Amino acid sequence: MAEETGILLESGTNELELLEFVVGKQHYGINVAKISELCPYQEPTPVPNAHEFIEGIFMPRERIITVINLARALGNNVQYDDSAKDMYIITNFNRLHTAFHVQEVLGIHRVSWEDIVKPDSTINSSGKGIATGITKIDDKIIIVLDFEKIVTEVNPETGLKISEIDAMGERSRHDCPILLAEDSPLLLEMLKKCLTQAGYTRLIPTTNGLEAWNTLDKMIKEGGVIGKDIALVITDIEMPQMDGHHLTKKIKTDARFDGLPVVIFSSLVNDEMKRKGEALGVDAQLSKPEIGKLVHELDLLLA
């Protein structure tokens with residue numbers, strides 16, 4: 001029987017619920033907000049000529065879901081023994097449902113993003129790593145995985161739809177300074193490339209909400225003016241140190257930033273997350289593949 005998951009956290013608390021699970025001998029974590037349900041393992045139907053990570057498909061409640069063998073995706077040689085502990089973690093992000101086959105699910109922990117450390121370049125060299133954060137719970141090191149990157153590797157069409165920017169053709173240049181808060185080096189570079197191509201060339205990149213907040217705070221303390229020195233903020237939701245919701249809350253409750261639009265651009269934009277964003281006063285919320293819609297929102301907000 002499927003187990004429904006639900007996140008009960010208030011908006012902007014800088015906390016998340018982390019599901020701990022095991023592949024091989026390593027403990028990993030995933031944000032509960034990305035999970036639609038947990039299912040006991042059932043043998044999937046193989047798909048001819050599928051990507052090497054794909055184990056097959058299965059159909060819970062008339063929906064076809066692709067099963068990704070997480071051990072293969074992690075380069076782990078562990079062999080699943082199809083024991084009673086094997087589980088499917090069914091995720092829902094970027095408007096796509098995917099099942100990840102894991103060996104055991106251990107439970108849920110409530111943690112602060114402040115306690116999740118971003119991996120350094122020795123672990124995530126050249127943006128190739130798939131660890132977005134590392135934390136320690138009950139003396140166990142838990143690696144928080146970049147599930148979006150795994151899915152994008154299987155199907156590149158689930159990433160940023162750069163073709164939407166190409167279809168816009170030549171656009172005029174905009175001189176509005178835009179701050180970006182995105183912890184994925186790969187996505188940050190792609191976002192910079194897409195926005196620059198769309199005419200937004202004054203970009204201030206930061207790698208998490210805390211760095212973004214410190215940049216904004218320093219800017220205002222040094223006499224910066226809203227609209228002139230900083231015109232808009234684009235933020236991811238899921239980031240170590242400080243998440244996008246907490247960053248939005250700090251901006252929207254600080255009178256120094258009155259009139260500064262905040263746009264959430266995240267794989268986690270679903271109905272529940274939209275309600276949280278609206279409660280915090282965010283100006284627009286878009287799912288990560290929709291780079292064309294993001295540019296359209298920028299055009300409207302910065303007109």
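From a predicted model like this one, the values you see are computed outputs, not experimental measurements. What's counted below: heavy atoms across the whole structure, side chains too, no hydrogens, waters or symmetry copies.
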If I compare all heavy atoms of [X] with all of [Y], which pair ends up nearest, and what's the gap?
X: P240; Y: T132; result: CG-O, 3.9 Å
X: F58; Y: Q42; result: CD1-CD, 3.6 Å
X: I150; Y: A73; result: CG2-CB, 3.8 Å
X: A33; Y: N270; result: O-ND2, 4.2 Å
X: L260; Y: V233; result: CD2-CG2, 3.9 Å
X: G244; Y: M239; result: N-CE, 3.6 Å

Quick one: [atom1] on [X] to [atom2] on [Y], what's the gap to the nearest 0.5 Å?
X: I134; Y: D115; atom1: CD1; atom2: CG; result: 13.5 Å
X: M242; Y: I116; atom1: CE; atom2: CD1; result: 13.5 Å
X: D283; Y: L298; atom1: CG; atom2: CG; result: 11.0 Å
X: K276; Y: Q285; atom1: NZ; atom2: CD; result: 11.5 Å
X: L145; Y: I143; atom1: CG; atom2: CD1; result: 7.0 Å
X: L191; Y: I291; atom1: CG; atom2: CD1; result: 5.0 Å

Kindly indicate whether the side chain of [X], heavy atoms from C-beta on, has any atom under 4.5 Å from the side chain of [Y].
X: V262; Y: L232; value: no
X: L186; Y: T152; value: no
X: E153; Y: F53; value: yes
X: I90; Y: L38; value: no
X: E104; Y: F21; value: no
X: L280; Y: H245; value: yes
X: I57; Y: I65; value: no
X: M219; Y: I204; value: yes

Does [X] reach the main-chain N or O of [Y] with its side chain, forming a donor-acceptor pair under 3.5 Å?
X: R171; Y: G199; value: no
X: N208; Y: A181; value: no
X: S36; Y: N92; value: no
X: T206; Y: L180; value: yes
X: D146; Y: A131; value: no
X: Q103; Y: G24; value: yes
X: S287; Y: E290; value: no
X: T248; Y: V282; value: no
X: S112; Y: E15; value: no
X: N14; Y: Q241; value: yes

Query raised in the report: Hey, mind stepping through E17 and H109 against side chain to side chain donor-acceptor pair (under 3.5 Å) and telling me if it holds?
Result: CA-CA 6 Å; E17 288 182 320; H109 308 279; over 6 Å; no

Any carboxylate oxygen within less than 4.0 angstrom of a Lys/Arg side-chain nitrogen, looking at [X] and [Y]?
X: E278; Y: K274; answer: no
X: K140; Y: D138; answer: no
X: R72; Y: E55; answer: no

Query raised in the report: Considering the options K192, K118, K288, which one meets the salt bridge (Lys or Arg N to Asp or Glu O under 4.0 Å) requirement together with E182?
Result: K288

Report task. Given side-chain contact (heavy atoms from CB on, under 4.5 Å), test H246 with T13 step by step and report yes or no. Result -> CA-CA 6 Å; H246 194 60; T13 62; 5.9 Å; no

Query raised in the report: So D271 and R275, salt bridge (charged side-chain N to carboxylate O under 4.0 Å, His left out) or not? Walk me through it.
Result: CA-CA 6 Å; D271 289 342; R275 287 193 292 270; 5.5 Å; no

**Report entry** Single-linkage hydrophobic cluster, 4.5 Å side-chain cutoff, V47 and M59 together
**Finding:** yes

**Report entry** Test side-chain contact (heavy atoms from CB on, under 4.5 Å) applied to F257 and K250, step by step
**Finding:** CA-CA 9 Å; F257 299 104; K250 288 179 75 68; over 6 Å; no

Crowding at [atom1], [X] (>12 non-hydrogen neighbours, <6.0 Å):
X: K193; atom1: NZ; value: no
X: K252; atom1: NZ; value: yes
X: Q197; atom1: CD; value: yes
X: H97; atom1: NE2; value: yes

With [X], the side chain to side chain contact (heavy atoms under 4.5 Å, CB included) member among [options]:
X: I54; options: V154, N69, N49, N155; value: V154
X: L268; options: D243, I237, D236; value: I237
X: Y28; options: V144, V102, L70, L74; value: L74

Query raised in the report: Does the ring center of H101 lie less than 6.0 Å from the ring center of Y88?
Result: yes

Requested in this report: Determine, stepwise, if the pair I234 / L179 fulfils side-chain contact (heavy atoms from CB on, under 4.5 Å).
Outcome: CA-CA 6 Å; I234 300 173; L179 184 140; over 6 Å; no

Query raised in the report: Can you check ring pair (Phe, Tyr, Trp, His ring centres under 6.0 Å) on F93 and F147, steps first, answer last?
Result: CA-CA 9 Å; F93 53 81; F147 285 84; 7.2 Å; no

Query raised in the report: If you measure only the distance, is there a donor-acceptor pair under 3.5 Å linking the side chains of Y200 and D175?
Result: no

Report task. Would you please test H174 and L302 for side-chain contact (heavy atoms from CB on, under 4.5 Å) and show each step? Result -> CA-CA 9 Å; H174 301 265; L302 296 173; over 6 Å; no

